[in-house]
Amino acid sequence: MDYLNKLNPQQREAAIHKEGPLLILAGAGSGKTSTMTHRIAYLIKEEGISPYHILAVTFTNKAAKEMRDRVEDLIGAGVNMWILTFHSACLRILRTYAERIGYSKDFVVYDPTDQKVVIKNCIKEQNVDEKKYPPAYVLSIISDCKEKGISPAKFGQENGDDFKGKTVHGLYAAYENVLKKNNAMDFDDLILRTVQLFEKDDEVLAYYQDRFRYIMVDEYQDTNYMQYRFIKLMAEAHNNICVVGDDDQCIYQWRGADIKNILDFEKDFKNTKVIKLEQNYRSHGNILEAAHSVIENNKGRKHKKLWTDKEEGEKVKYYRAEDEKDEARYIAQEIDRLRTGELKYKDFAILYRTNAQSRTFEEALSARDIPYRVLGGIRYYDRKEIKDIMAYMRLVQNTADDLSLARIINEPKRGIGEKTLEKLRTLASVRNESLFQLLTDEEIVDGLPSKAVESIKEMVATIEQYSLEKENLRVSDIYDGLLVKTGYLKSLEQQDTVEAEGRVENLLEFKSVIYDYENENPQLSLSEFMERIALIAEIDNHDADENAVVLMTMHSAKGLEFPVVFIPGMEDGLFPGWRSLEKPGGIDEERRLCYVGMTRAMQKLYLTSAQLRTLYGKTDYTKESQFLKELDKSLVDGDAIYQKKSMSGTSLNGFPGNYRNPGWSQGGNDGFNSGEIFRPFDQLKYIKENQRTSQSSKGGDYQNGDKVSHSKFGEGLVISVDGSTITIAFDSVGVKKLAKDLAPIKKI
DNA sequence: TGTCCGCTCTTTTTT
DNA sequence: AGAGCGGACA
């Protein structure tokens with residue numbers, strides 16, 4: 001039992017807990033994975049429990065993999081145990097028992113992109129106004145319903161009174177029909193249908209209850225109602241349920257995660273033992289304190305405070321940049337400066353709120369030749385060519401998948417347009433057949449536009465052939481065969497553009513992915529492969545060994561740690577995001593996200609913001625994030641703020657318009673006085689260089705704080721001079737200008 | 001039917 | 001700013 005010696009008393013107590021409900025409140029960096037894996041090892045080695053009877057559920061593939069690796073380290077390689085994500089666990093169950101709830105075993109999984117296509121079709125078919133009912137919005141309602149177990153019928157009963165409710169109900173019902181008809185499930189279905197299966201079929205439930213006598217759930221604070229049901233149903237028989245979580249790290253409420261699950265766990269499972277893990281092994285003291293000073297502002301937390309016996313370390317550094325370019329430049333510069341010595345590129349992470357922010361950093365890092373890796377954003381598997389070939393593969397697996405057929409029927413071009421497809425759809429629904437079935441009817445195909453006939457026949461024959469032989473063929477062979485025989489590859493090659501070349505490259509890369517899977521599992525079947533792919537997230541591809549700076553969202557960063565962390569964009573409206581302002585509890589969730597971000601840092605933590613930010617094509621003055629104000633200032637390093645041209649203490653007092661200091665700033669040298677009322681500029685425009693070309697003024701003529709007047713915008717104030725670029729703020733319009741273009745602007 | 005252009009619209013997080 | 005859509009045209 002030496003392996004338990006590495007644990008602290010609380011961790012140890014949790015690890016050797018055998019029976020009954022256990023709630024582990026594990027703060028950030030408190031060694032929760034270690035505790036869980038040790039518990040698993042303990043159950044197996046000391047208590048003689050078979051791995052067969054243990055189930056461990058996580059949210060991400062990455063977490064599952066890590067847990068598996070670490071369990072194997074403890075008890076020896078090759079543990080045949082269910083350590084899976086919620087979705088993959090449910091998928092496995094459904095693959096075995098789908099027929100009991102009216103699905104065929106070959107059902108396919110629709111990802112969000114597929115869902116969007118389906119709902120769009122429904123919207124069109126029902127003549128609903130897409131403007132008033134945006135697909136994303138309708139889907140969010142549907143997803144919400146599924147997480148709560150509200151069927152279309154029930155939704156109709158509850159919301160059928162008004163027009164809007166009726167419309168959404170109609171769409172929800174239609175959506176469900178399409179999925180059912182296509183023998184498809186979306187992500188929410190995987191959980192929902194499993195729960196329905198359990199509720200409907202005592203035999204199946206009893207089987208899993210008996211099988212999983214010890215259940216562990218990671219990141220319990222992020223479970224939604226249906227996931228809770230899933231766990232609860234299985235745990236009921238033996239009541240050996242151990243959940244680990246941190247209410248301060250609940251950052252997925254927007255997606256249905258119900259923080260009450262963890263807050264009420266003790267009420268829910270009688271005789272729960274609660275263990276708090278409060279020692280943090282990750283971060284230096286100041287970082288921890290700083291993070292705590294922010295999260296403290298949330299109400300209704302389970303009280304706990306992390307501590308560490310590590311050194312205080314450096315203070316948190318804050319830098320208020322001029323604009324997002326300056327922000328990125330600063331971060332790149334700091335990385336370059338620190339990279340010497342102990343720290344390698346891979347020890348740095350830039351964690352932002354939105355994926356859209358990544359671009360500026362990419363440019364700044366490239367400019368300094370700093371290797372980096374962006375995670376998230378467009379998923380690799382969302383690329384068009386990958387989706388296309390996957391649609392072919394899905395068809396081979398399940399020819400009833402009309403969505404996939406519609407996607408590829410004219411890809412490559414086969415002369416089937418919107419109209420023809422529409423006709424086929426109608427006919428198919430009249431004959432109650434799938435589109436593919438319809439196309440196996442020679443008469444139908446012969447009736448297609450003449451130039452389409454041959455190529456469609458070929459396509460159908462190819463799919464049919466592979467569909468019949470899929471059991472005997474390797475996935476990579478099917479893949480190759482499809483690429484060639486469908487003409488997809490050829491058509492790309494004929495396009496002869498850089499873009500098409502890139503696509504071909506991606507397709508090649510995809511093939512190496514297939515090879516990787518096949519190497520791991522030589523028996524890999526098409527359906528196995530498809531489902532592995534379906535549930536993969538970009539973050540799973542994070543290779544911790546690659547020596548590159550990591551860029552990702554704070555959401556994706558949960559569970560990771562880095563010696564040096566940068567959190568840019570600390571501005572109201574961006575972080576916390578403006579959308580969160582409208583929702584009740586929205587700010588609290590953002591604050592938790594901030595906490596998650598900050599606690600990723602081990603040694604150094606940087607927060608930055610930009611005074612001026614261009615995002616989504618619009619430039620605005622920003623206000624520093626309220627989270628910065630909550631931060632305990634004694635833990636923040638003002639000296640480290642790198643000096644830029646200061647604004648020489650100019651006050652805006654008396655300046656027309658009364659806006660003011662965007663708020664607290666460490667340097668205190670941005671030229672604004674703190675505490676006045678800030679009125680954001682209504683609008684900010686960059687005047688292009690070539691609009692005016694008078695040479696009458698030189699840059700040197702202007703200094704920060706100069707009052708100027710402009711023929712069009714009225715009076716303004718110079719707020720920065722950088723080389724020949726002068727930024728001038730007007731009452732309602734800010735103008736950034738080159739000195740030589742200052743013709744209409746006069747000093748006053 | 002396919003392509004191109006210009007217009008508008010959207011801006012969070014993801015299994 | 002960029003994607004994605006729709007309309008106009010070949």
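Below, all heavy atoms of this structure are taken into account, side chains as well, without hydrogens, waters or symmetry copies. Below, read A as the first sequence line, B as the second, and so on, with proteins coming before strands; counting in each chain starts at 1.
Judged by distance alone, the side chains of Asn298(A) and Tyr595(A) never bring a donor and an acceptor atom under 3.5 Å apart. Using modelled atom types and a 3.5 Å distance limit, the side chains of Ser527(A) and Gln397(A) yield no donor-acceptor pair. There is no side-chain donor-acceptor pair under 3.5 Å between Tyr228(A) and Asp258(A). Judged by distance alone, the side chains of Ser455(A) and Glu458(A) never bring a donor and an acceptor atom under 3.5 Å apart. Using a 3.5 Å distance cut-off with no hydrogens or angles, the side chains of Ser404(A) and Arg394(A) do pair a donor with an acceptor.
Put simply, the residue from Val108(A), Leu403(A), Val118(A) that forms a side chain to side chain contact (heavy atoms under 4.5 Å, CB included) with Asn182(A) is Leu403(A). Across Glu571(A), Gln357(A), Glu324(A), a single residue satisfies side chain to side chain donor-acceptor pair (under 3.5 Å) together with Arg613(A), and that is Glu571(A). Of the listed residues (Leu179(A), Leu94(A), Leu91(A)), just one forms a side chain to side chain contact (heavy atoms under 4.5 Å, CB included) with Met185(A), and that residue is Leu94(A). Thr58(A) pairs with exactly one of Lys65(A), Met36(A), Met67(A) by the side chain to side chain contact (heavy atoms under 4.5 Å, CB included) rule, that one being Met67(A).
Annotation: cation-pi geometry not satisfied between Arg95(A) and Tyr103(A) (NZ/CZ under 6.0 angstrom from ring centroid, within 45° of ring axis).
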Review item, nucleotides 3-9 of chain B N/O atoms under 3.5 Å of protein N/O:
none

Can you tabulate the close N/O pairs, meaning under 3.5 Å, that link protein atoms to atoms of nucleotides 5-9 of chain C?
residue	atom	partner	partner atom	Å
dC5(C)	OP1	Lys120(A)	NZ	2.6

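Under the 30°/60° scheme for interplanar angles, the aromatic rings of His555(A) and Tyr252(A) are found to be tilted.
Between Glu363(A) atom CD and dA1(C) atom C1' there is a gap of 12 Å when expressed in whole angstrom units. Rounded to whole angstrom, the span from the CD atom of Glu590(A) across to the P atom of dT13(B) amounts to 11 Å. Atom CZ of Arg600(A) is separated from atom P of dT13(B) by 19 Å (rounded to the nearest Å). Distance CD (Glu324(A)) to C1' (dT11(B)): 15 Å, rounded to an integer number of Å. In this structure, Tyr352(A) places its OH atom 10 Å from P of dT14(B), rounding to the nearest Å. Atom CG in Leu351(A) sits about 14 Å away from atom P in dT13(B), given to the nearest Å. What separates CE of Met554(A) from P of dT14(B) is a distance of 11 Å, to the nearest Å. For Tyr595(A) and dT13(B), the OH to C1' distance is 20 Å, given to the nearest whole Å.
For the pair Asn355(A) and dT13(B), the criterion of a side-chain N or O lying under 4.0 Å from OP1 or OP2 is met. Here Thr553(A) reaches the OP1 or OP2 of dT14(B): one of its side-chain N or O atoms lies under 4.0 Å away. Close to dT13(B), at under 4.0 Å from its OP1 or OP2, lies no side-chain N or O of Ser556(A). An OP1 or OP2 oxygen of dT1(B) is reached within less than 4.0 angstrom by no side-chain nitrogen or oxygen of Arg414(A). Remark: Thr420(A) is in phosphate contact with dT1(B), judged by side-chain N or O atoms under 4.0 Å from OP1 or OP2.
Residue-to-nucleotide proximity on DNA chain B shows that, of Glu589(A) and Pro449(A), the 5′-proximal contact is made by Pro449(A). Of the residues near DNA chain B, Pro134(A) and Gln227(A), the one whose nearest nucleotide (by heavy atom distance) lies more toward the 5' end is Pro134(A).
Contact annotation for Gly415(A): backbone-only contact, meaning every heavy-atom pair under 4.0 Å involves sugar-phosphate atoms and none involves a base. Residue contacts for Asn410(A): at a heavy-atom cut-off of 4.0 Å it reaches the sugar-phosphate backbone alone, with no base atom in range.
Less than 4.0 Å separates DNA chain B from at least one heavy atom of each of the following residues of residues 249-256 of chain A: Tyr252(A), Trp254(A), Arg255(A).
Picking from dT13(B), dG2(B), dT15(B) the nucleotide with the shortest atom distance to the side chain of His555(A) gives dT13(B). The side chain of Lys451(A) lies closest to dT1(B) when the candidates are dT1(B), dT13(B), dT15(B).
The shortest distance between side-chain heavy atoms of Leu593(A) and Phe575(A) falls below 4.5 Å.
Shown here for Thr194(A) and Cys90(A), the closest heavy-atom pair between the two residues is OG1-CB, 3.2 Å.
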